[in-house]
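Both counts, for ligands and for their atoms, begin at 1 and track the order of listing. The structure displayed is predicted, hence computed values, not measured ones. Each residue takes its place number in the sequence, starting with 1.
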Amino acid sequence: MIDVIVAGGGPTGMMLAGELRLHGVHVLVLEKEAEPARYVRSLGLHVRSIEVMDQRGLLERFLAHGKKYPVGGFFAGITKPSPDRLDTTHPYVLGIPQTTTDRLLAEHAAEVGAGIRRGCELVGLSQDGHGVTVELADGTQLRSRYLVGCDGGRSTVRKLLGVDFPGEPARVETLLGEMELTEDPAALAAIVAEVRKTQLRFGAGPLGDGVYRVVVPAEGVAEDRTVPPTLEEFKQQLRAFAGTDFGVHSPRWLSRFGDATRLAERYRVDRVLLAGDAAHIHPPMGGQGLNLGIQDAFNLGWKLAAEVGGWAPEGLLDSYHTERHPVAADVLDNTRAQGELMSTEPGPRSVRRLLSELMDFEEVNRYLIEKIIAIGVRYDFGGGHELLGRRMRDVELKRGRLYELMHGGRGLLLDQTGRLSVAGWAERVDHVVDVSEELDLPAALLRPDGHVAWVGEDQQDLLSQLPRWFGAAAG
Ligand SMILES: Cc1cc2nc3c(=O)[nH]c(=O)nc-3n(C[C@H](O)[C@H](O)[C@H](O)COP(=O)(O)OP(=O)(O)OC[C@H]3O[C@@H](n4cnc5c(N)ncnc54)[C@H](O)[C@@H]3O)c2cc1C
C-alpha cells in the first residue's frame, strides 16, 4: 500500500512529497493538470522559506534562478528601507517566478523518489481505521494510509471532507496577465505612476523581451473565476483607469484573482489532512500564500513520516493543526489589514499615511516586516527560554553552518557542553557537540523543522523532553 497520497502537485504538495521522502515514506503525488501551469502567481520567496530551502540543501538551485531584493516595503506596499538587524543570515526577498519554484520543487521531489502522476484528478475519497481510498476521475481507485489535500483554494479534498471554510467572499477582483504593448516605456511609466497615486491594484512592469506584467482592477466579480479574462476586458479596464490601453497585444497568459479570505476550520480529519491554499486563502498582499504553504509542508512532513514510521508520540500529528492554524489566521489578518490600507477611500488613506509615519520607527517597521517574512513565528511549547517554540536562525559552528547539518530532516541536539547524550533516540536525533560564538545557551534540541524544542544543560530534563517529539526510545 502507498503510505501517503498527496493530492495536488503545486508548491505545497511537492514540498511535502520531498519532506516525506527524506524519511523513506512511500509517497504518490496526484496532479490534475497534465502540464505545469504557465501563468505566474507568486513572485518570490520570503526569508523563512529561503531558510527552509537552506536547511534542506536546496537553496543553491533557487539562488541560481532568483534575484535578491530588499525586504523593505512589503507591508501594504508602503515604501520603507529594510529594517536593520533582521535575525537571519538571509535578510532579502528572493525574486523568482512561481513557475520556476514549482519546477524546482517538483524536480527535487522526483529526485528523492516521490511518485508523480500528472493528469490525475482526485474526485472521491473515503476513509476507515486503516487507510484512505481515493477515486480518480477515470474511475481508478487507489489506497493509501494517509491523504493530504494540497489541491489549492478550491480543494476537492476539503469539500469531500465537509470541512468548513469560513471567512469572507471576494469583494473585488483583479486582472493579471503577461502581454506586449506599443506604448513608449517612459510614457507608460509616467501614466502608471500617476494612476497608482489613487489605485494600488494597477501596474505594468517590464519582464524583458518586450513582455509586461499587467495588473488592473476587474469590473465586478466573475461568476466563474476558472474562466480566464479576455484581452478585450484588459483593454476596457486599462482605458477606464488610465485613459489608454497602452496598445496591449499578444498575451502570453491572462488570469484573474479575487480577495476572498478563508481559513479551514480543521486541518485534519482522521487520516486526511489539508495544507497550503487548500487550508487557507487570502489576497496576495505581501506575497505570503506560497510561502505559508511551503512552511505548512515543512511542519507536517516529519510528523506524518513519524506516524507512518510508527514512532510518533501521542498528539504529534494533531500538533500540525495546533501550530499552523494560528499562523495562517495571523497571515489572513495581516492581509485584511493590508487590504484596508490599500483602499482608495479617504479614511483608509489617512490611516495609511499615519502608519507610514509610524513605520519610520525602526521597531514598527521590523515588527510588520517580520510578520511577512515569517521568522517571528513561535509555536506554543509552554513557557521557558525565549527561543522555545521559535525556529533557530543559522549560526556558524566550528565545523561549519548549523543549517548544513539539517539536510537529512532529523532532529538535532546542539550541545555546547559536551556532556549530554541523545541516549536511545540516536536513530532520530543527531548529537552535535560543537560551539558557536553566536549562541548564548548551553544546549538546544531542534525538531526536524528547526524549531527549538528544548534549551538547557540537564540530561534528565532533556530525557523528559525527547519522547514528546521523538517518541519512545529505541531498544
Ligand atoms: C496574483 C497572485 C499573486 C501571488 N503572489 C504571491 C507571492 O508573491 N508570494 C506568495 O507566497 N504567494 C503568492 N500567491 C499565492 C500562491 O500563488 C499560492 O498561495 C500557492 O500557489 C499555493 O500553493 P498550493 O500548492 O497550496 O496550491 P496551488 O498552487 O493552487 O496548487 C494546487 C494544485 O492542485 C491541483 N489540483 C487541484 N485539484 C485537484 C484534484 N482534485 N486532484 C489533483 N490535483 C488537483 C492543481 O492543479 C494545482 O496544481 C499569489 C497568488 C496570486 C493569485
Side-chain angles (χ1 to χ4, degrees), residues 5-17 28-50 66 69 74 77 93-99 101-103 105-106 109 116-125 134-138 142 147-160 170 173-178 201 203 213-216 218 225-226 253-260 264 274-297 300 328 331-332 335 372-374:
I5 289 179
V6 174
T12 307
M14 291 303 183
M15 184 75 205
L16 180 64
L28 176 65
V29 179
L30 303 176
E31 167 53 50
K32 176 174 77 168
E33 302 296 336
E35 297 294 331
R38 284 174 57 234
Y39 61 97
V40 178
R41 290 179 285 167
S42 169
L43 292 176
L45 295 184
H46 279 305
V47 175
R48 184 56 192 142
S49 303
I50 295 168
Y69 295 97
F74 265 85
V93 176
L94 187 64
I96 184 167
Q98 180 163 347
T99 41
T101 297
D102 289 357
R103 177 173 60 79
L105 290 174
I116 299 171
R117 283 196 213 161
R118 291 197 172 272
C120 275
E121 181 180 2
L122 178 150
V123 295
L125 72 88
V134 158
E135 191 185 330
L136 304 182
D138 67 1
L142 296 169
L147 166 70
V148 188
C150 300
D151 49 345
R154 296 186 193 92
S155 171
T156 303
V157 173
R158 187 188 66 234
K159 289 174 191 158
L160 290 170
E173 242 171 46
T174 308
L175 306 181
L176 170 69
E178 286 182 9
R201 288 187 293 126
R213 184 171 166 104
V214 175
V215 187
V216 61
R225 198 164 320 125
T226 55
W253 52 263
L254 304 173
S255 71
R256 61 173 88 237
F257 63 92
D259 64 345
L274 298 170
D277 275 17
H280 38 70
I281 54 166
H282 54 82
M285 274 87 69
Q288 300 171 89
L290 172 143
N291 288 271
L292 193 59
I294 284 177
Q295 292 156 33
D296 283 347
L300 176 59
V331 169
L332 262 56
T335 54
I372 306 275
I373 63 178

Asks: Just jot down the ligand 1 atoms closer than 4.0 angstrom to any heavy atom of Gln288, in number order.
Replies: 9 (N), 10 (C), 11 (O)
Asks: Would you say CZ of Phe257 has more than 12 non-hydrogen atoms from neighbouring residues, nucleotides or ligands within 6.0 angstrom?
Replies: yes
Asks: Near Leu176, which atoms of ligand 1 are under 4.0 Å from a heavy atom of that residue?
Replies: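 Counting atoms of ligand 1 from 1, those under 4.0 Å from Leu176 are 1 (C).
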Asks: Supply the atom-to-atom distance Ile294 CD1 to Leu45 CG, rounded to the nearest 0.5 angstrom.
Replies: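 If I round to the nearest 0.5 Å, the distance is 5.5 Å.
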Asks: Which ligand 1 atoms does Glu33 reach within 4.0 Å, using its non-hydrogen atoms?
Replies: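 Those qualifying, in numeric order: 47 (O).
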Asks: Among protein heavy atoms, which lies nearest atom 36 (N) of ligand 1, and at what distance?
Replies: Asp151 CB, 3.8 Å
Asks: Among Asp277, Thr12, Leu300, find the one that has a side-chain contact (heavy atoms from CB on, under 4.5 Å) with Cys150.
Replies: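 Looking at Asp277, Thr12, Leu300, the match for Cys150 under the side-chain contact (heavy atoms from CB on, under 4.5 Å) is Thr12.
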Asks: Test of understanding: with side-chain contact (heavy atoms from CB on, under 4.5 Å), list the residues that count as partners of Arg117, not counting sequence neighbours.
Replies: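 For Arg117 the side-chain contact (heavy atoms from CB on, under 4.5 Å) partners, ignoring immediate neighbours, are Leu28, Leu30, Cys120, Leu142.
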Asks: Consider every N or O of Phe257 and every N or O of ligand 1, then say whether any pair is closer than 3.5 Å.
Replies: no
Asks: Between Gly13 and ligand 1, is there a nitrogen or oxygen pair with a distance under 3.5 Å?
Replies: no
Asks: Could you tell me whether Cys120 approaches ligand 1 through its side chain, its backbone, both or neither, with non-hydrogen atoms closer than 4.0 Å?
Replies: backbone
Asks: Quick test: of every protein heavy atom, which one is nearest to atom 24 (P) of ligand 1, and how far off is it to 0.1 Å?
Replies: Thr12 OG1, 3.3 Å
Asks: Mind checking the CG-OH spacing from Leu254 to Tyr39? Nearest 0.5 Å is all I need.
Replies: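 One gets 12.5 Å once the value is rounded to the nearest 0.5 Å.
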Asks: Students should be able to answer this: which protein heavy-atom is nearest to atom 47 (O) of ligand 1, and at what distance?
Replies: Glu31 OE2, 2.6 Å
Asks: Check each atom of ligand 1 against the heavy atoms of Gly276 and keep those under 4.0 Å away; list them by number with element.
Replies: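 Result: 26 (O).
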Asks: Hey, does Gly287 sit under 4.0 Å from ligand 1 if you only count heavy atoms?
Replies: yes
Asks: Closest non-hydrogen protein atom to atom 27 (O) of ligand 1, residue and atom name please, with distance?
Replies: Gly152 CA, 3.8 Å
Asks: Considering only heavy atoms, which of Gly293, Pro11, Gly9 lies nearest to atom 23 (O) of ligand 1?
Replies: Pro11
Asks: Which residue pairs satisfy the side chain to side chain donor-acceptor pair (under 3.5 Å) criterion with at least one member in residues 283-297, sequence neighbours excluded?
Replies: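 Side chain to side chain donor-acceptor pair (under 3.5 Å) check on residues 283-297 returns Ser49-Asn291, Ser49-Gln295, His280-Asp296, Gln288-Asn334, Asp296-Arg324.
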Asks: For ligand 1, which is the ligand I care about here, please tell me if Lys32 has any N or O atom under 3.5 Å from one of the ligand's N or O atoms.
Replies: yes
Asks: How does Leu122 reach ligand 1, by side chain, by backbone, by both or by neither, if only non-hydrogen atoms under 4.0 Å count?
Replies: both
Asks: Check ligand 1 against Gln98 and write out every atom of the ligand that is under 4.0 Å from a heavy-atom position of the residue.
Replies: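 Reading through ligand 1 atom by atom, the close ones are 16 (C), 17 (O), 20 (C), 21 (O), 29 (O).
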Asks: In the protein, which heavy atom is nearest to atom 34 (O) of ligand 1, and how far is it?
Replies: Gly8 CA, 3.2 Å
Asks: Could you tell me whether Arg213 and ligand 1 have an N or O pair separated by under 3.5 Å?
Replies: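 No, no N or O pair falls under 3.5 Å.
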Asks: Is Val148 close to Leu274 at the side-chain level, that is, under 4.5 Å between some pair of heavy atoms?
Replies: no
Asks: Quick one: NE2 on His46 to CG on Leu290, what's the gap to the nearest 0.5 Å?
Replies: 10.0 Å
Asks: Would you mind listing which atoms of ligand 1 come within a distance below 4.0 Å of any non-hydrogen atom of Thr156?
Replies: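 So the atoms of ligand 1 that pass are 41 (N).
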Asks: Does ligand 1 have a heavy atom under 4.0 Å from the side chain of Arg154, from its backbone, from both, or from neither?
Replies: neither
Asks: Atom 29 (O) of ligand 1: which protein heavy atom is closest, and how many Å away?
Replies: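 The answer is Arg41 NH2, 2.7 Å.
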Asks: Under 4.0 Å, heavy atoms only, figure out whether ligand 1 is touched by the backbone of Cys150, its side chain, both or neither.
Replies: backbone
Asks: Write out the residue and atom name of the closest protein heavy atom to atom 13 (C) of ligand 1, then the distance separating them to 0.1 Å.
Replies: Ser42 CB, 3.6 Å
Asks: If you count the atoms of ligand 1 from 1 in the order shown, which ones are under 4.0 Å from a heavy atom of Leu43?
Replies: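 Every atom of ligand 1 under 4.0 Å from some heavy atom of Leu43: 7 (C), 8 (O).
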Asks: Suppose we measure from atom 12 (N) of ligand 1 to each protein heavy atom; which comes out shortest, and what is that distance?
Replies: Leu290 N, 3.0 Å
Asks: Any chance you could measure Glu121, atom CD, to Asp138, atom CG, to the nearest 0.5 Å?
Replies: 10.5 Å
Asks: With a 4.5 Å heavy-atom cut-off, do Val157 and Leu125 have their side chains touching?
Replies: yes
Asks: Should you measure from each heavy atom of Leu30, which atoms of ligand 1 turn up under 4.0 Å away?
Replies: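 So the answer, numbered in order with elements, is 43 (C), 44 (N).
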